[in-house]
Amino acid sequence: MESKQLQELILVHIDEVIEQSSSQGVTLWQAFLEMHPADSAKLLTHLSDDRLIRFFLKLSQPKQLELFEELPDHDKEKILQHLDDVQKAFILRQTPIDDLTDLFDELSDKELKKYLDILHKKDRQKVLSLLKFPVDSAGGIMTLDFVTLIKDLTVENAVSILQRVKPNIDLHRQIYVTDQQNKLVGYINLEDLVLKSPSTRLESFLKQVPYVAQAEEDQELVAQKMVHYHMMTIPVVNEQQFLLGVIPEDTLIDVIQQEATEDVQRISAAPVATSYFEMSLWQLLYKRSFILAILLMMGSLTSFIVGHFESTLTPFLILFFTMLVSTGGNTGGQTSAIAIQAMSSGDLNEKNAMRFIGREFLIGTMLALVLGSLTFARVYVWYGEFTGSLVVSLSLGLIVLMSVLLGACLPVVLKKLDVDPAFSANPLLATVMDILGIFIYCYVAYLVLT
């Protein structure tokens, strides 16, 4: 049976499964225990709070640990509230510190203090050191459960240390090396310890780290650098170059997914702070209606523009309003998307921003000529009116050029102002281009026809 079908069957008979009150319930319970933890956790997110707690408490401690790590933070919080101190201590002390930090960010100060008191003193210090940094910074996403080596060690010493810590600490292919004051000096690859002589000192074959993150750096920038340099992990240091932590590859994937989600939400101009189904209908209505109402008011400017040039606009010219406005929106959105993608990949930065804008201006000019000529030919052949065709084609060419320039410049300006460039691709840009496009069309018609 496929995993999805099995999950649906368990949900239908959930009370039988929890209580194991029938042969079918027992069979489905065993099937649940054999599922991958990620699939099991996904199933639990569909349960009511009461059933979630009952189900979780029926599991063995090893299975509880597997599922707890996969569950979303709000479900973790619900579960912890129904455990006694002994159970809480067991769960919290076995959970990776960086996962705990994410969970604690969701708690009130009172709840945070209560859970910190349960942790070992050493673990509390680790969590508190992470909480000093913003949650979206390198310091906020780094892990503290990693091993470092001192440059003066021999290969034989290093292997012995790794063998002792491996059961408790994740071992990455890149192992960072420090001096005795814990300042980062380089890294070695895990396979180097196999290839080198046991008596060789680590400092003799150290490699230079291509990129080192500062603790306060934004996580999006760190993710871009990891991709650019093809690094499996990134070390995080403070201003004095003391090694604070390491950002592993799985965290990179989470950051990229999170940033992509945020960009899509900004593009839609309807940001969803948490999971879609966790927000109430009224919250969603407010967030979406607020921005749409603003854009509606902005869009009403077009009626004033049309009213001002009413004597100039003939019934023939009015036929092409929709075509001109949609072309401007499409062109601006296309250019803005290209700029945002280039910024996201690191291709577009402050150093080459003017070159990018200049190149887009050239492309916009050529697009204006091509689309303007095509429009003139189409309108003149179809309607046989030279002056009207000239007005439409000139207007469309200018609208295309302005759309390209606005789509190229706006993300660069927002980046300069420390605002996410993704905002430039939302409906605001389309609304601005609608207003600008109508004005250009009306004004060109006024100049040509009067």
Side-chain angles (χ1 to χ4, degrees), residues 267-270 285 288-340 357 360-411 413 423-450:
I267 288 171
S268 68
L285 178 62
R288 295 172 67 172
S289 62
F290 178 76
I291 186 64
L292 290 175
I294 293 175
L295 296 178
L296 174 63
M297 294 299 101
M298 291 178 60
S300 64
L301 291 174
T302 58
S303 62
F304 292 105
I305 296 172
V306 173
H308 181 74
F309 291 96
E310 184 177 7
S311 60
T312 304
L313 296 173
T314 64
F316 172 80
L317 294 178
I318 293 174
L319 291 174
F320 302 98
F321 267 129
T322 303
M323 179 187 74
L324 295 171
V325 167
S326 63
T327 301
N330 292 338
T331 307
Q334 181 190 68
T335 308
S336 180
I338 292 172
I340 293 169
I357 294 173
E360 284 300 307
F361 175 77
L362 180 61
I363 293 174
T365 302
M366 291 188 289
L367 284 174
L369 290 173
V370 171
L371 297 179
S373 300
L374 184 63
T375 300
F376 179 84
R378 181 259 181 189
V379 175
Y380 184 71
V381 169
W382 194 269
Y383 294 97
E385 186 173 328
F386 179 82
T387 304
S389 301
L390 182 63
V391 170
V392 174
S393 60
L394 283 175
S395 300
L396 185 133
L398 289 172
I399 290 171
V400 167
L401 179 58
M402 291 303 298
S403 299
V404 170
L405 285 177
L406 190 61
C409 293
L410 191 54
V413 172
F423 281 111
S424 66
N426 66 22
L428 176 62
L429 177 63
T431 303
V432 171
M433 281 313 309
D434 288 350
I435 298 170
L436 187 60
I438 293 295
F439 175 76
I440 290 174
Y441 187 37
C442 292
Y443 195 68
V444 169
Y446 170 77
L447 292 177
V448 173
L449 298 178
T450 59

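Counting heavy atoms from C-beta on, the side chains of L317 and Y441 come closer than 4.5 Å.
Under the side-chain contact (heavy atoms from CB on, under 4.5 Å) rule, V404 has a single partner from I357, I399, T335, which is T335.
Among residues two or more places apart in sequence or in another chain, the side-chain contact (heavy atoms from CB on, under 4.5 Å) test is passed with L436 by M402, M433, I440. Annotation: side-chain contact (heavy atoms from CB on, under 4.5 Å) contacts of L447 (sequence neighbours excluded): Y443. Under the ring pair (Phe, Tyr, Trp, His ring centres under 6.0 Å) criterion, F320 pairs with F316, Y383, not counting sequence neighbours.
For the atom pair CH2 (W382) and CG (L319), the distance works out to 12.0 Å, reported to the nearest 0.5 Å.
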Pairs under 3.5 angstrom only: tabulate donor-acceptor contacts from the side chains of residues 327-334 to other protein residues two or more places apart or in another chain.
unit_1	atom_1	unit_2	atom_2	d
T327	OG1	M323	O	2.7
N330	ND2	S326	O	3.1
T331	OG1	T327	O	2.7

Without placing hydrogens or testing angles, list every side-chain donor-acceptor pair under 3.5 Å for residues 386-396, not counting sequence neighbours.
unit_1	atom_1	unit_2	atom_2	d
S389	OG	Y380	N	3.3
S389	OG	E385	O	2.6
S393	OG	S389	O	3.0
S393	OG	L390	O	3.1
S395	OG	V391	O	2.7

Table please: side-chain donor-acceptor pairs of residues 360-377 below 3.5 Å, with sequence neighbours left out.
unit_1	atom_1	unit_2	atom_2	d
T365	OG1	F361	O	2.8
S373	OG	L369	O	2.7
T375	OG1	L371	O	2.7

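Between G407 and A339 the shortest heavy-atom distance is O-CB, 4.2 Å.
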